[in-house]
Amino acid sequence: MNFQHCFQICKKIMLFCITAILLYYVFTLFHLSHVFMYVFRLFFPFLIALFIHFLLDPIIDYFESDRLKRKIVVIHIYIYLTILVFLVVYFIAPYVCNECISLYQDYTKGKFIIHPFIQTIIDFLDSQGATHYLLGILNGWTQSLFYWCSNIALGVGISFYLSYDNMHLIEKAINYIPFQNQSIYRKYLKKMKLVTFSFIKSLFLDFFFFFLLCLIPFYFLDSSYFIWIALFISMTNLIPYIGPYIGGIPIIIYEYMITPTSGYIALAIIIVLQYLESSFLQPYLFQKCISVHPIALFFSLSVFGDLFGVIGMIFSPLFLVYSLDIIELLKEIHFIDKMKKLVYKI
């Protein structure tokens, strides 16, 4: 009996390996990966539109009443969002560009007093071509930023029509599913909407309060660029686990380049701030919407970061919850058992 059981397991493993090899050759021979990437990029704005629709739908439902119809609420919300984006692009973006240019000019003109040890490292990296490599990475990030901005703009436009006409695309598609499973799909759809709204709200509050925490100490340490330092640390802190290192290490090096004492003080400030944020602020804000194992979060950080870049890293906990909900949904409708029966019939 044990031998027969082991034989069946080995048979399944061999079939799985053969299937994986055949699929790999099919994907390679017919370049199916390019086809899938083309289809994904084609429908990517629609996915963003559904995400925005999930985010704004609870807000629309909150303001909707007998006096304020849904269409009026939707128009007002999108007008305010358009005005906010316009103000950011018109006022903040040029200011940020000027500050970056000013910072670069100060560096090239030698206005920064850099520690000799740090200057030696910079000269060595520059001689090895590391500067051009870093500029190439920055150029790739810039192109990725424009790609995301264009898709988000399309997604916002599509989500406006979804919200304005109350066209819940997924909910209407549920009507074509067998009646006995419709309540299950609606349950998970409602759960994903609530999780999306709770996560975005927690993410915004975490960013806002951590930004305020960073402003005060860095104002006394570096009054010239304390706003940008706090903004950079707060934005990178949105990335789970590795975000504090991505944001903290460059700031420490930058302050150490000015004076070693400033570098040590910046290190102490970042350690204290990260302790306060990770021990008190983040658990309080995220405990109601995200509750998964840290190893699973690390895995999702790698997968979704590779797929969607920095945006995927920031939203990796939410995408992980989506994936787990979909797996639970497939289990509840017995999808795997149905596929097994279909394969065995074939």
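What you are looking at is a predicted structure, and each value in this text was computed from that prediction instead of being measured. All values below were derived from every heavy atom in this structure, side-chain atoms included, with hydrogens, water molecules and symmetry-related copies excluded.
Residues satisfying the ring-ring contact (aromatic ring centres under 6.0 Å, His included) test with Tyr264, not counting sequence neighbours, are Tyr256. By the side-chain hydrogen bond (donor to acceptor under 3.5 Å, both in side chains) test, Tyr188 pairs with Glu332, sequence neighbours left out. With sequence neighbours excluded, the residues that form a salt bridge (Lys or Arg N to Asp or Glu O under 4.0 Å) with Lys191 are Asp325. Shown here are the ring-ring contact (aromatic ring centres under 6.0 Å, His included) partners of Phe315, two or more places apart in sequence or in another chain: Phe51. Residues that satisfy the ring-ring contact (aromatic ring centres under 6.0 Å, His included) test with Tyr78, not counting sequence neighbours, are Phe160. In this structure, Ser234 has no side-chain hydrogen bond (donor to acceptor under 3.5 Å, both in side chains) partners at least two apart in sequence or on a different chain. Take Phe319 and apply the ring-ring contact (aromatic ring centres under 6.0 Å, His included) test, not counting sequence neighbours, and it matches Phe304, Phe308. In this view, Leu81 and Leu56, Ile77 satisfy the side chain to side chain contact (heavy atoms under 4.5 Å, CB included) rule, not counting sequence neighbours. When the side chain to side chain contact (heavy atoms under 4.5 Å, CB included) test is applied to Lys71, the partners found at least two apart in sequence or on another chain are Tyr164. Looking at residues two or more places apart in sequence or on another chain, you find no side-chain hydrogen bond (donor to acceptor under 3.5 Å, both in side chains) involving Thr82. Shown here are the side chain to side chain contact (heavy atoms under 4.5 Å, CB included) partners of Leu215, two or more places apart in sequence or in another chain: Phe211, Leu212, Phe226, Ile227, Ala230.
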- What do the steps show when you test His53 against Ser159 for side chain to side chain donor-acceptor pair (under 3.5 Å), and what is the final call? CA-CA 6 Å; His53 180 66; Ser159 68; over 6 Å; no
- Message: Would Lys187 and Leu329 count as a side chain to side chain contact (heavy atoms under 4.5 Å, CB included) here? Give the steps.
- Response: CA-CA 10 Å; Lys187 180 183 71 173; Leu329 173 63; over 6 Å; no
- Can you check side chain to side chain contact (heavy atoms under 4.5 Å, CB included) on Glu277 and Asp206, steps first, answer last? CA-CA 8 Å; Glu277 194 269 343; Asp206 182 64; 2.7 Å; yes
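Interatomic distance, Leu203 CG to Phe207 CZ, rounded to the nearest 0.5 Å: 9.5 Å. Note that OG1 of Thr236 is 8.0 Å distant from CD1 of Ile251, once rounded to the nearest 0.5 Å. Interatomic distance, Phe299 CZ to Ser323 OG, rounded to the nearest 0.5 Å: 9.5 Å. Taking CD1 of Ile72 as the reference point, atom CZ of Arg70 lies at 13.0 Å (rounded to 0.5 Å). To the nearest 0.5 Å, the span separating CG on Leu47 from CD1 on Ile52 amounts to 11.0 Å. From Leu318, atom CG reaches atom OG of Ser300 across 10.5 Å, with rounding to the nearest 0.5 Å.
Tracing side-chain contacts under 4.5 Å through hydrophobic residues (I, L, V, M, F, W, Y), one never reaches Leu320 starting from Ile327; they form parts of separate clusters. Residues Phe218 and Leu231 are members of one and the same hydrophobic cluster, defined by side-chain heavy-atom contacts under 4.5 angstrom among Ile, Leu, Val, Met, Phe, Trp and Tyr.
Under the side chain to side chain contact (heavy atoms under 4.5 Å, CB included) rule, Ile48 has a single partner from Ile158, Leu154, Asn151, which is Asn151.
Using a 4.5 Å heavy-atom threshold, the side chains of Ile314 and Met235 count as separate. The shortest distance between side-chain heavy atoms of Cys214 and Ile229 does not fall below 4.5 Å. Counting only heavy atoms from C-beta outward, the side chains of Ile60 and Ser163 approach each other to under 4.5 Å. Put simply, the side chain of Leu276 does not reach to within 4.5 Å of the side chain of Phe210, judged on heavy atoms.
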For residues 83-93, please give each side-chain donor-acceptor pair under 3.5 Å, one per line with the distance, not counting sequence neighbours.
none

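Minimum interatomic distance between Ile252 and Leu267 (heavy atoms only, all atoms of both residues): CD1-CD1, 3.5 Å.
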